[in-house]
Every structure is written in structure tokens, then in C-alpha cells.
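The next block holds one structure in the form of C-alpha cells; read it before the comments.
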2 protein chains.
Amino acid sequence: MAGRKTTIADVAQRAGVSKGLVSFALNGRPGVSPETRERILSVAHDMGWQPDARARALSTNRSLAYGLVLSRNPSVLSSDPFFPTFISGVERAISGPGHVLVLSVVESLERELETYRSLLESGRVDGVFLTDVRRDDPRLALVQELSAHAVVLGHPRVDAGFPTLSVSDEAALDALVAHLVALGHHELGLVVGPSHMLHAERWRDSLVAAATTRGLRTPRIVETDFSAEMGLAATRELLEGRTPPTAIVYANDHMALAGLGHARRAGIEVPRELSIVGYGDSDMTRYAYPSLTTVSVDVAEWGYRAAQLLMSQVEGGTDDVGQPPPARLEVRESTASVPERPVGP
Amino acid sequence: MAGRKTTIADVAQRAGVSKGLVSFALNGRPGVSPETRERILSVAHDMGWQPDARARALSTNRSLAYGLVLSRNPSVLSSDPFFPTFISGVERAISGPGHVLVLSVVESLERELETYRSLLESGRVDGVFLTDVRRDDPRLALVQELSAHAVVLGHPRVDAGFPTLSVSDEAALDALVAHLVALGHHELGLVVGPSHMLHAERWRDSLVAAATTRGLRTPRIVETDFSAEMGLAATRELLEGRTPPTAIVYANDHMALAGLGHARRAGIEVPRELSIVGYGDSDMTRYAYPSLTTVSVDVAEWGYRAAQLLMSQVEGGTDDVGQPPPARLEVRESTASVPERPVGP
DNA sequence: CTGAAAGCGCTTACAG
DNA sequence: CTGAAAGCGCTTACAG
């Protein structure tokens with residue numbers, strides 16, 4: 001229709017007031033008489049005025065945008081339901097206020113850091129989400145150096161100086177170990193994530209602690225990059241050992257599903273001969289046969305709260321949004337009593 | 001460090017030139033003597049100057065940002081590898097030039113439309129990706145009304161007036177039917193996506209055409225929303241019919257995996273008693289047992305080209321980036337000869 | 001309650 | 001090759 005976008009100057013002229021007053025009226029600021037406000041609003045509406053995010057961003061020094069940079073490898077990323085779910089939670093929090101998520105996917109840690117830097121320095125985003133925090137993570141230093149806003153997803157052990165939101169899973173993991181012990185298992189295998197990721201390390205520690213506390217031997221541990229491919233290799237490695245575990249716990253569901261596939265292929269019956277446990281409670285755990293015992297984490301809620309916290313940070317608030325609900329054990333079909341077999345010493 | 005961000009005015013002052021000249025030097029425009037340019041650049045670097053995306057966006061009327069709005073339901077979204085993969089391709093194309101992706105996830109079609117509108121009208125993005133195009137899709141009209149830039153992912157049948165990028169899969173689907181025919185199947189079941197989505201409709205039509213051409217009866221068809229849950233229900237429905245299909249083809253891999261789970265649970269051996277075929281070639285198809293025969297689509301490349309095309313559109317170019325590579329049939333373990341059995345009339 | 005002006009940090013004609 | 005100025009579309013003190 002209009003050749004040119006309508007601006008507040010156009011609205012001001014038509015309404016016979018100044019630009020400043022239009023801005024006040026549009027933003028619901030006090031100091032505009034009800035009739036004038038009414039008139040301005042209706043003119044703006046009639047002219048189809050829409051705020052220009054760029055101009056607003058420049059004059060307020062705020063983009064109303066938040067950044068998330070993912071550096072996992074493509075294959076892991078594509079099968080991991082974490083991010084889509086997390087993002088849907090984030091969106092639920094930010095879209096109401098008209099804020100926006102800037103998402104970036106990168107292929108290396110250097111690029112990840114550069115991307116966070118440029119997003120923040122250029123003012124494209126007002127704050128960032130930091131996931132998959134690593135030991136001595138350079139992103140923490142970067143965000144501090146830029147005195148930018150950030151929310152860390154992970155565990156408070158990260159003395160980041162940033163607000164941290166984490167799903168507490170110690171109780172669920174302990175319940176899992178208790179469940180396996182009750183079924184008679186005492187040789188556990190653990191397929192863990194990369195040890196340089198703090199949450200992977202913590203997950204492993206929680207399980208080892210639970211196992212030890214409950215009188216099990218230290219579990220056998222194989223480290224992976226979270227990919228199904230390495231999950232499969234880890235399964236093979238564990239099962240080919242001298243005293244193979246009778247139950248394997250995986251750090252995510254798709255590694256567990258790959259393990260399940262391998263077991264079937266090797267003629268090992270799950271759960272009669274081997275119990276398998278995932279982590280995350282992704283959709284597919286319900287539709288596999290046997291369905292997977294797993295640990296359920298409310299990732300969408302996590303994302304929702306993280307976004308609320310970040311918005312509140314940026315606005316200088318000190319809102320305590322509270323931690324997301326703790327993880328829960330979901331017992332399904334892939335765990336059962338340990339098989340009777342001649343036992344060694 | 002610096003209390004205030006350094007701007008080109010600071011650089012200009014320190015270098016003893018005008019702001020305009022700094023801008024020219026920084027943007028590599030002609031009309032600046034080599035020595036001056038050199039000096040300006042080094043001053044800018046020393047002062048740690050970084051461009052302000054907001055200011056640049058306002059004065060150039062360009063955000064260097066592109067929008068993608070997803071409206072699939074959370075459960076489908078979380079298990080569908082399409083979007084993470086697509087996005088990684090998009091990023092590969094745009095991140096080099098310093099452009100950015102604005103991602104939105106919404107819960108209804110109304111919100112989807114509103115979001116596209118506000119992204120475009122506010123100038124937050126310079127163009128958008130349109131996926132999952134539906135019959136009489138209101139987004140097409142919207143984008144046209146706003147005379148905005150867009151790239152459509154789907155099939156040219158959509159006479160959108162926008163450049164369209166699609167993965168041609170007719171040949172692969174025909175090869176799939178040929179493969180099944182060669183194995184002796186003549187009762188096919190199809191688990192399709194929502195018929196109001198043009199690509200779902202087209203997928204179904206391609207398979208029906210291939211089946212008819214190759215002398216099969218019209219396949220039995222069950223429509224779903226692409227979720228594993230409905231994939232499972234569809235499988236049950238097909239298998240409980242009077243003459244159950246001997247092979248079922250699913251519109252995506254996770255429905256196929258849910259179908260596989262159901263078959264196992266019902267005591268039906270795959271592929272001896274039932275052949276199962278997925279679509280998409282997601283990671284998990286390799287790790288299932290039996291591994292899934294599927295159709296491989298290079299989604300990352302699709303995203304890469306779509307982004308290139310969109311950038312070129314916005315810049316007024318007419319680059320022909322070419323269509324992404326066609327889909328390919330991947331024969332794995334889940335398809336085999338039709339079982340011998342007493343056949344009806 | 002209202003207006004006129006300056007400013008956010010860039011880019012871009014227009015003069016010289 | 002370089003400078004001074006206007007402008008992008010808003011917001012926000014500051015006066016009246």
C-alpha cells in the first residue's frame with residue numbers, strides 16, 4: 001500500500017502533535033491527557049503504524065533479543081531433543097513481551113566464543129544463555145569482561161558469578177540406582193558424556209556416589225561425545241569386558257536406544273539379560289520396544305525459567321524465578337531383575 | 001574496561017578525521033587514501049572499536065537477520081531432526097557474512113502469522129524462511145502484502161511468487177516402490193503427514209503414483225500429524241485391517257521407529273513378516289535393530305542453499321543457487337521379501 | 001498536559 | 001582525497 005513505512009512523525013503530523021508526545025502515548029507513559037492519547041492511538045492504528053525495532057533498539061540501547069550459541073556436532077544436535085525443547089520454553093517466556101531469540105549453530109569452540117562476543121559487542125542481543133559449560137570455560141570470562149548479562153544452565157558448582165539454573169537430578173539418579181539394586185544388579189556400566197563438560201562430569205559423579213553408597217562396586221565407565229555412534233561403541237566395549245555389567249545407564253536417550261539396538265543385534269535380550277536406562281525422557285523412549293526406563297527432565301520449563309531470569313537480569317531486576325522442578329525416575333520396560341547366572345567370587 | 005563503548009566519533013577524533021571518513025575506511029569504500037585508511041583502521045583496532053549492529057541497521061534499513069518461525073507441536077519438534085539440521089545449514093551460509101538467524105517457536109497458526117508479521121514489520125529481519133507450506137497459506141499473502149523477501153521450502157506447485165527450493169524425491173520414492181515390488185510386496189500401507197501441508201500431500205501423491213504405475217493396488221493410507229504417537233496408532237490401524245499391508249512406508253523416521261516398536265511388541269517380526277520404511281535418514285535409523293530402510297535427504301544442504309538464496313534476494317541479486325541434491329533411497333535391514341502365505345482372491 | 005530539541009551510532013549524498 | 005551535515009525512527013530529558 002503505502003510506498004513508505006509510516007513513522008511516528010507521520011502520526012504526529014496527522015494528529016497535530018509532536019513526535020515526543022506520540023512516543024509517550026504509544027508507550028503508555030504518564031503525562032498525556034486521555035483524550036489526546038486516545039486520538040493519537042487511533043490515528044496510529046488507522047495509519048497502520050508499527051514500531052521500528054531498529055530505531056527503538058538504538059535509542060534505548062536495548063535489542064530485546066537474547067542469544068544462544070550451540071556448538072555440538074551436527075549429528076548429536078539433530079537427534080538431541082534438548083535444544084528444540086529448551087527453545088520452545090524460552091519462546092514461551094520471551095515472545096509475549098515481544099522479545100526475540102537469536103540462535104547460532106557453530107562448528108568449533110573458537111567460533112562459539114567469537115559468536116558470543118560479536119553478538120554481545122554489536123548489541124544484537126541484550127544477554128545470552130550459556131549451556132554445556134566446560135571446565136575453565138572461556139565464555140564466562142568473556143561475558144564478565146564485557147559486563148554483559150548471562151544465565152548459566154548447569155550446576156552451581158560453576159562459581160560463575162552469574163545466576164545459574166539447574167535441574168536437580170541427584171535424587172532421581174539415586175532412585176535409579178536403588179531401583180537397579182532392588183532388581184539384583186551389582187555390576188553397572190555407565191556411558192557418560194565428555195568429561196570436560198561440567199554437567200557430564202557431575203552426572204557421572206552422582207551415579208558413582210549413589211552406587212558406592214548403596215554398596216555396589218564402582219561402575220565401569222565409558223566416555224562418549226553424546227553421539228549414538230559412540231553410545232553404540234561404548235555398549236560394545238562394556239559388554240565385551242570380562243565381567244560385563246548387567247545394567248547400563250546412558251547419559252542420554254539416543255545413546256541408550258543405540259545400545260538397545262546393539263544388544264538385540266548381538267542376541268542379548270533386554271531386559272531379561274541386560275537392563276538399559278536412558279536419560280532425558282525423550283519421546284522415543286515410549287515408543288521403543290521395550291520402552292526405556294529413563295530419567296525425566298522438564299527441559300521446556302527449564303528454558304522458560306532461564307528466559308525469565310535473563311530478562312529480569314537485563315532489566316536490572318532481581319527476580320528469583322526459582323529452580324526448575326527436579327528430575328524424576330521413569331521406570332518402564334527396559335529394566336528387570338538381573339539374570340540368574342553362575343556368579344564369580 | 002572502557003566505561004563507554006567506543007564509537008566511530010571517538011575513532012574519528014583520535015585519528016583526526018571526520019566520522020564519515022572513518023565509516024568509509026571501515027567499510028572498505030573507495031575514496032580514502034591508503035595511508036589514511038591504514039591509520040584509521042589501526043586506531044579503530046587499538047581502541048577496540050566494534051560496529052554497532054543497531055545503528056547500522058537503522059541507517060542502512062537492513063538488519064542482516066533472517067526469520068524462521070516454527071509452529072509444529074513440541075513433541076514432534078523435539079524428535080524431528082529436520083529443524084536442527086536445516087538450521088545448521090542456514091548458519092553455515094549466513095554466519096560468515098555476519099548475519100544472524102532469529103528463531104521463533106509458536107503454538108498456533110495464528111501466532112505463527114502474527115510472528116512473521118511483526119518480525120517483518122518491525123524490521124527485525126530482512127527476510128524469512130517459509131516451511132511447511134499449507135494449502136492457501138496465509139503467510140504467502142502476508143509476505144506479498146508487506147512486499148518482503150522470502151524463500152519457500154517446498155515444491156514449485158506452490159505458485160507463491162517466491163523463489164522455492166525443494167528436494168526432489170520422486171525418483172527416490174519410485175525407486176523405493178520398485179524395491180518393494182521386487183521383494184514381492186503388493187499391499188502397501190502409507191502413513192502420511194497432515195493433508196493440509198502441501199509437502200505431505202505431495203509425498204503421498206508421489207508414492208501412490210509410483211505404486212499405481214508399478215501395478216500395485218492403491219495403498220492404504222492413514223493420515224497423521226507426524227508424531228510418533230500417531231505413527232503408532234496408524235500402524236495398529238493398518239495391521240488390524242482385513243488385508244494388512246506387507247510393507248508400511250512412513251512419512252518420517254520417528255513414526256517408522258514407533259511402528260517398528262509396535263510390531264515387535266505385537267510379535268510381528270520385521271522384516272520377515274513386515275517391511276518398514278522411514279523417510280529422512282535420521283541418525284537413529286542406523287542404530288535401530290533392524291536398521292531402517294529410509295530415504296535420505298540432505299537437509300543441511302537445503303538450509304545452506306535456502307539461506308544463500310534469501311540473502312541474495314534481499315541484496316537484490318538474482319543468484320541462482322541451484323536446487324539441493326535429490327533424495328536417495330537407503331536400503332537397510334527393515335525391508336525384505338514378502339512372507340509366503342495363503343493369498344486371498 | 002504539551003512542544004521543541006538533542007541524541008542513540010552509524011551511513012550517505014553533497015560540496016569542495 | 002576529505003569534511004561537514006543531514007538523516008535513519010525512535011526516546012528522553014528539559015522547558016514551558
Side-chain angles (χ1 to χ4, degrees), chain A residues 2-41 43-44 47-65 98 118 120-124 126 315, chain B residues 2-41 43-44 47-65 98 118 120-124 126 315:
Chain A
R4 210 171 49 81
K5 201 173 135 54
T6 107
T7 72
I8 57 168
D10 303 326
V11 174
Q13 187 186 339
R14 178 93 82 94
V17 297
S18 71
K19 277 168 40 184
L21 203 58
V22 172
S23 173
F24 271 56
L26 257 13
N27 291 312
R29 294 282 210 94
V32 188
S33 74
E35 308 83 58
T36 313
R37 176 189 309 280
E38 187 63 29
R39 181 159 46 88
I40 292 174
L41 258 36
V43 171
M47 300 182 77
W49 176 84
Q50 289 295 132
D52 183 305
R54 297 171 290 216
R56 195 169 263 179
L58 182 58
S59 53
T60 60
N61 194 31
R62 204 107 290 169
S63 295
L64 307 184
S118 91
L120 253 8
E121 283 193 327
S122 68
R124 286 204 111 117
D126 299 328
E315 271 138 33
Chain B
R4 211 173 50 80
K5 203 172 131 57
T6 106
T7 72
I8 57 167
D10 303 326
V11 174
Q13 190 186 336
R14 180 92 83 95
V17 297
S18 71
K19 279 168 38 184
L21 203 60
V22 172
S23 174
F24 271 57
L26 258 12
N27 291 313
R29 295 282 211 92
V32 188
S33 75
E35 307 84 59
T36 312
R37 175 189 310 279
E38 187 64 28
R39 183 159 46 88
I40 291 174
L41 259 35
V43 170
M47 298 182 78
W49 177 84
Q50 289 295 131
D52 183 304
R54 297 171 291 216
R56 196 169 265 178
L58 182 58
S59 53
T60 59
N61 193 29
R62 205 108 284 174
S63 295
L64 307 184
S118 92
L120 253 8
E121 282 192 328
S122 69
R124 271 195 189 269
D126 299 329
E315 271 138 34

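This is a predicted model, so every value here is computed, not measured. We name chains A, B, ... by the order of the sequence lines, and we start the count at 1 in each one. Below, each value reflects all heavy atoms present in this structure, side chains not excepted, and no hydrogens, waters or symmetry copies.
- Of the candidate nucleotides D:dG3, D:dT11, C:dT2, C:dT2 has the atom nearest to the side chain of A:Val32.
- Between the side chain of B:Arg124 and the main chain of A:Ala53, no donor-acceptor pair closer than 3.5 Å is present.
- Remark: C:dA13 base-pairs with no nucleotide; criterion is Watson-Crick or G-U wobble with both hydrogen-bond distances under 3.5 Å.
- Atom CG in B:Leu26 sits roughly 15 Å away from atom C1' in C:dT12 (whole-Å rounding).
- Counting only heavy atoms from C-beta outward, the side chains of B:Asp10 and B:Lys5 never approach each other to under 4.5 Å.
- Checking D:dG3, D:dC10, C:dC10 against the side-chain heavy atoms of A:Thr7 singles out D:dC10 as nearest.
- B:Glu35 places its CD atom 9 Å from the P atom of D:dC1, with the value rounded to the nearest Å.
- When the P atom of C:dG9 is taken as reference, atom CZ of B:Arg62 falls 23 Å away, rounded to whole Å.
- In this model, the phosphate group of D:dT11 is approached by a side-chain N or O of A:Arg56 to a distance below 4.0 Å at OP1 or OP2.
- Residue B:Leu64 contributes atom CG, which lies 14 Å from atom P of C:dC10 at whole-angstrom precision.
- Here the nucleotide nearest the side chain of A:Ser18, chosen from C:dA4, D:dA4, C:dT12, is C:dA4.
- A:Lys19 has its NZ atom 11 Å from the P atom of C:dA5, to the nearest Å.
- Each of A:Thr60 and B:Arg39 lies near DNA chain D, and the nucleotide nearest B:Arg39 is the one positioned closer to the 5' end.
- Distance from the side chain of B:Asp52 is smallest for C:dG9 among the nucleotides D:dT12, C:dG9, D:dG9.
- Closest contact between the side chain of B:Arg29 and the listed nucleotides C:dT11, C:dT2, C:dT12 involves C:dT12.
- For the pair A:Thr36/A:Arg39, a side-chain contact is recorded, criterion being any heavy-atom separation below 4.5 Å from C-beta on.
- Considering only heavy atoms from C-beta on, A:Asn27 comes within 4.5 Å of A:Arg56 through its side chain.
- Nearest to the side-chain atoms of B:Ser59 among the listed nucleotides D:dT2, D:dG9, C:dC10 stands C:dC10.
- Atom CD of B:Glu315 is surrounded by more than 12 heavy atoms from other residues, nucleotides or ligands within 6.0 Å.
- Of all nucleotides listed (D:dG9, D:dC10, C:dT11), D:dG9 comes nearest to the side chain of A:Leu58.
- Ranking D:dG9, C:dT2, D:dG3 by closeness to the A:Ala55 side chain, first place goes to D:dG9.
- Relative to the side chain of A:Phe24, the nucleotides C:dA6, D:dA13, D:dA4 differ in distance, and D:dA13 lies closest.
- The nucleotide D:dA4 finds no pairing partner, because no Watson-Crick or G-U wobble arrangement with both distances shorter than 3.5 Å includes it.
- Checking the phosphate oxygens (OP1, OP2) of C:dG9, no side-chain nitrogen or oxygen of B:Trp49 falls inside 4.0 Å.
- Contacts of B:Gln50 with the nucleic acid, taken as non-hydrogen atoms under 4.0 Å apart, involve only primed sugar atoms and P, OP1 or OP2.
- Distance, B:Asn61 CG to D:dG9 C1': 10 Å, rounded to whole Å.
- Between A:Leu26 and A:Trp49, some side-chain heavy-atom pair lies under the 4.5 Å cut-off.
- Using a 4.0 Å cut-off, some side-chain N or O of B:Thr36 falls inside it from OP1 or OP2 of D:dT2.
- The distance between atom CG of A:Leu21 and atom C1' of C:dC1, rounded to the nearest whole Å, is 8 Å.
- Residue contacts shown for A:Ser23 include a base, since a base heavy atom lies under 4.0 Å away.
- Here the P atom of nucleotide D:dG9 and the CD atom of A:Gln13 are 14 Å apart, to the nearest Å.
- In this structure, of D:dC1, C:dT11, D:dG3, it is D:dC1 that holds the atom nearest to the side chain of B:Pro34.
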